[in-house]
2 protein chains.
Amino acid sequence: MQEKISSQIALPVEIDLQSYPLFRQCEGVFVSALQEAARERRFEKGQVVFLHGDGVECFYIIRHGWVKLYRETLDGTQAVVDIFTTGHMFGETAIFEDGMYPYSAEAVEDVQVIALPIDLLKNEIKANNKLALDMLCSMARYRRRQDREIEHRSLQNASQRIGCFLLRLLNQSEDGAAHIHLPYDKMLVASRLGMQPETFSRALSRLRDKTGIRIKGSTVEIDSPSQLTDYSCMACSSEYPCKDILSGK
Amino acid sequence: MQEKISSQIALPVEIDLQSYPLFRQCEGVFVSALQEAARERRFEKGQVVFLHGDGVECFYIIRHGWVKLYRETLDGTQAVVDIFTTGHMFGETAIFEDGMYPYSAEAVEDVQVIALPIDLLKNEIKANNKLALDMLCSMARYRRRQDREIEHRSLQNASQRIGCFLLRLLNQSEDGAAHIHLPYDKMLVASRLGMQPETFSRALSRLRDKTGIRIKGSTVEIDSPSQLTDYSCMACSSEYPCKDILSGK
DNA sequence: ATTTTAAATTGACAATAGTCAAGGCAATAA
DNA sequence: TTATTGCCTTGACTATTGTCAATTTAAAAT
């Protein structure tokens with residue numbers, strides 16, 4: 001499953017970096033250096049982008065597809081840290097590590113990313129206070145996400161975690177009925193939520209029975225989101241709609 | 001249990017802020033303003049320092065005692081986020097929140113803290129890039145801690161989590177036998193590790209049987225740490241001694 | 001020393017999630 | 001269409017953790 005292909009396609013690309021929140025207020029010199037160094041890379045489903053412990057050279061922006069970040073124990077058990085898609089950046093926190101990635105990254109379906117040299121970012125952060133502040137904000141946002149994750153894992157049961165996950169897929173203020181499409185495999189959703197596929201399957205059924213959602217394959221129809229929140233957010237310390245998690249770029 | 005006493009003792013204090021890592025390279029003007037604004041506050045066991053959602057005015061440095069950070073659901077169930085002691089800082093990440101503390105803080109035993117106005121820190125971070133960088137490093141360190149926590153909760157069982165906790169109390173490179181004293185109540189250790197007191201008690205017994213540690217009240221004697229690591233770190237993605245967690249200031 | 005109190009342990013049982021194995025379903029390839 | 005493949009579901013069982021109640025232990029107060 002995990003194969004590393006070094007003969008990677010790495011073509012220069014046109015990309016408007018300033019459209020990404022982190023770079024919105026960066027100056028021309030830095031941005032053009034980044035843009036010049038930007039390389040497009042593609043990974044097929046199952047291919048490894050980097051491994052936990054690899055020396056850090058690049059950070060990545062996802063243009064298309066899905067990437068999962070994970071760690072694994074000696075016996076091969078995986079813990080999925082997070083799953084990202086278009087517009088998200090990953091690997092950039094390695095700036096503050098000891099030169100090694102703190103987790104592994106793998107394409108969970110065909111994916112197209114922009115690879116950017118991390119040294120440029122590192123140097124610019126040292127020189128440009130605004131960038132450092134944006135980075136701080138982005139890390140604070142991520143931290144809230146992780147804090148919430150830990151809370152969910154200790155206070156919510158499997159069905160409630162799924163309910164919470166679904167609610168976050170309901171963008172912003174859709175108050176009426178909605179049908180959403182699971183963003184990836186149910187197996188992957190399960191691992192993202194820290195449970196086994198079988199547990200996920202059963203917990204989703206239980207959620208259906210308790211909240212009246214309808215499930216057709218990978219589509220979920222929700223007539224009353226409020227019934228979902230009543231059930232899921234019961235065991236959560238934050239008020240719905242968990243404002244600080246919604247857009248976790 | 002949770003009482004808020006507004007008639008708080010708040011005396012000016014002498015404190016060498018530059019001895020704290022975050023302020024080590026800060027300039028005189030800022031440091032002296034902080035020092036002048038610093039106030040000592042004492043909280044008795046069980047008193048609340050601030051509540052999740054309170055407006056943010058201060059961040060804190062612990063001089064003595066223990067403080068727990070937690071969140072709670074509507075029905076009163078608590079999730080302990082972390083437990084801190086002497087030298088640690090808390091509440092400072094509220095800088096990047098919307099003006100409200102993201103969790104509650106409570107003294108778990110009599111505690112003495114320094115309260116510092118968060119506005120000063122906020123402004124200085126905006127002006128002083130070195131401080132911003134130190135803050136970034138500190139947040140990255142905390143993030144690693146949280147990442148690991150999530151991993152532990154999904155991959156380790158109760159006994160292994162306790163073993164890991166004990167190993168982290170064994171400072172640095174003590175390779176031979178050691179006896180350590182639990183830093184606080186077993187009940188608190190349990191909640192810190194996300195389990196019930198009864199589960200903790202049983203899991204600790206199991207750990208004793210499997211690794212040959214000896215338990216006398218709140219003291220744990222460890223003849224061979226390696227036996228502990230064999231058992232606990234088996235289900236963890238990082239090599240012992242989990243370098244990046246050790247000193248989590 | 002005795003009483004009072006809180007913490008810690010233990011037992012019995014319930015709830016939840018994990019594991020293993022067997023089918024079912026749906027998309028794709030032949 | 002049929003066969004193949006991989007994902008998903010379900011059943012039966014196990015393991016782990018949580019819950020409630022009873023008891024023991026240890027610490028603090030009188």
Side-chain angles (χ1 to χ4, degrees), chain A residues 1 44-46 66 68 73 75-80 108-110 152-163 165 181-210 213-220 231-232 234-235, chain B residues 1 44-46 66 68 73 75-80 108-110 152-163 181-210 214-220 231-232 234-235:
Chain A
M1 183 64 85
E44 287 167 30
K45 179 173 180 168
W66 288 89
K68 97 177 156 187
T73 60
D75 62 12
T77 316
Q78 276 193 4
V80 172
V108 295
E109 59 177 58
D110 290 7
H152 282 173
R153 299 230 180 161
S154 41
L155 300 181
Q156 294 187 318
N157 64 30
S159 297
Q160 290 170 325
R161 288 216 296 286
I162 297 175
F165 180 82
H181 197 80
L182 292 182
Y184 33 78
D185 271 2
K186 288 188 177 178
M187 271 182 63
L188 250 186
V189 177
S191 58
R192 159 71 182 76
L193 297 174
M195 61 186 85
Q196 300 302 314
E198 296 96 327
T199 302
F200 177 84
S201 181
R202 285 186 256 259
L204 186 57
S205 305
R206 193 154 10 110
L207 187 67
R208 167 169 45 70
D209 299 342
K210 300 220 176 191
I213 61 175
R214 283 188 304 284
I215 302 149
K216 292 173 188 168
S218 56
T219 301
V220 180
Y231 177 73
S232 292
M234 202 169 67
Chain B
M1 184 64 86
E44 287 167 30
K45 179 173 180 169
W66 289 88
K68 96 176 157 188
T73 61
D75 61 11
T77 317
Q78 276 193 3
V80 172
V108 295
E109 58 177 57
D110 291 6
H152 282 173
R153 299 230 180 162
S154 42
L155 301 181
Q156 294 188 319
N157 64 28
S159 297
Q160 290 170 324
R161 288 216 296 287
I162 297 175
H181 197 80
L182 293 181
Y184 33 76
D185 271 2
K186 288 188 177 176
M187 269 182 63
L188 252 183
V189 178
S191 58
R192 159 71 182 76
L193 297 175
M195 63 186 83
Q196 300 301 314
E198 296 95 326
T199 303
F200 176 84
S201 181
R202 285 186 254 260
L204 186 57
S205 304
R206 194 157 8 112
L207 187 67
R208 168 169 44 72
D209 298 343
K210 298 220 177 192
R214 282 186 306 283
I215 302 149
K216 293 172 186 166
S218 56
T219 302
V220 180
Y231 177 73
S232 293
M234 202 169 69

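- Between the axis at the start and the axis at the end of the helix from C:dA1-D:dT30 to C:dA30-D:dT1 there is an angle of 30°, using five pairs per end and rounding to 10 degrees.
- Here C:dA17 is the nucleotide among D:dG18, C:dA17, C:dT19 with the atom lying nearest to any side-chain atom of A:Asn157.
- Taking only side-chain atoms of B:Arg202, from C-beta outward, the nucleotide of D:dT17, C:dT10, C:dA17 with the closest atom is C:dT10.
- A straight line from CE of B:Met195 to P of D:dT19 spans 14 Å, rounded to a whole angstrom.
- Computed from coordinates, the B:Leu182 CG to C:dA7 P distance equals 15 Å when rounded to whole Å.
- Atom pair B:Gln196:CD and C:dT10:P shows a separation of 17 Å (rounding to whole Å applied).
- Across the protein-nucleic acid pair, A:Leu193 atom CG and C:dG18 atom C1' stand 16 Å apart, rounded to whole Å.
- Rounded to the nearest 0.5 Å, atoms CD (B:Gln156) and OG1 (A:Thr77) are 11.5 Å apart.
- Per the geometry, CD belonging to B:Glu109 stands 13 Å off P belonging to C:dA7, to the nearest Å.
- The backbone N or O of B:Tyr231 sits less than 3.5 Å from a side-chain atom of B:Gln160, completing a donor-acceptor pair.
- The NZ atom of A:Lys45 sits 12 Å away from the C1' atom of D:dT5 (whole-angstrom rounding).
- Of the candidates D:dC8, D:dG18, C:dT10, C:dT10 carries the atom nearest the B:Ser201 side chain, counting heavy atoms from C-beta on.
- Counting to the nearest Å, the C1' atom of D:dC7 and the NZ atom of A:Lys216 are 20 Å from each other.
- In this structure, the side chain of B:Arg161 engages the main chain of B:Leu193 through a donor-acceptor pair within 3.5 Å.
- If you take NE2 on A:His152 and OG on A:Ser232, they are separated by 8.5 Å, rounding to the nearest 0.5 Å.
- Distances shown here put a side-chain N or O of B:Arg206 below 4.0 Å from the OP1 or OP2 atom of D:dT17.
- With values rounded to the nearest 0.5 angstrom, B:Ile215 atom CD1 is found 7.0 Å from B:Leu207 atom CG.
- Across all strands shown, B:Arg161 has no heavy atoms under 4.0 Å from either base or sugar-phosphate atoms.
- Annotation: side chain to side chain donor-acceptor pair (under 3.5 Å) contacts involving residues 181-194 of chain A, sequence neighbours excluded, comprise A:Glu149-A:Arg192, A:His181-A:Ser218, A:His181-A:Thr219.
- Distances were taken from every side-chain heavy atom of B:Ala158 (C-beta onward) to each of C:dT10, D:dT17, C:dA17; the shortest belongs to D:dT17.
- Relative to the side chain of B:Glu198, the nucleotides D:dA21, C:dT19, C:dT16 differ in distance, and D:dA21 lies closest.
- Between the CZ atom of A:Phe200 and the P atom of D:dC8 there is a distance of 8 Å, rounded to whole Å.
- The closest donor-acceptor contact from the side chain of A:Asp110 to the backbone of A:Glu44 lies at 3.5 Å or more, if one exists at all.
- At the phosphate of D:dT17, neither OP1 nor OP2 sits under 4.0 Å from any side-chain N or O atom of B:Arg153.
- Residue A:Lys186 places its side chain closer to D:dC8 than to any other of D:dT10, D:dC8, D:dT17.
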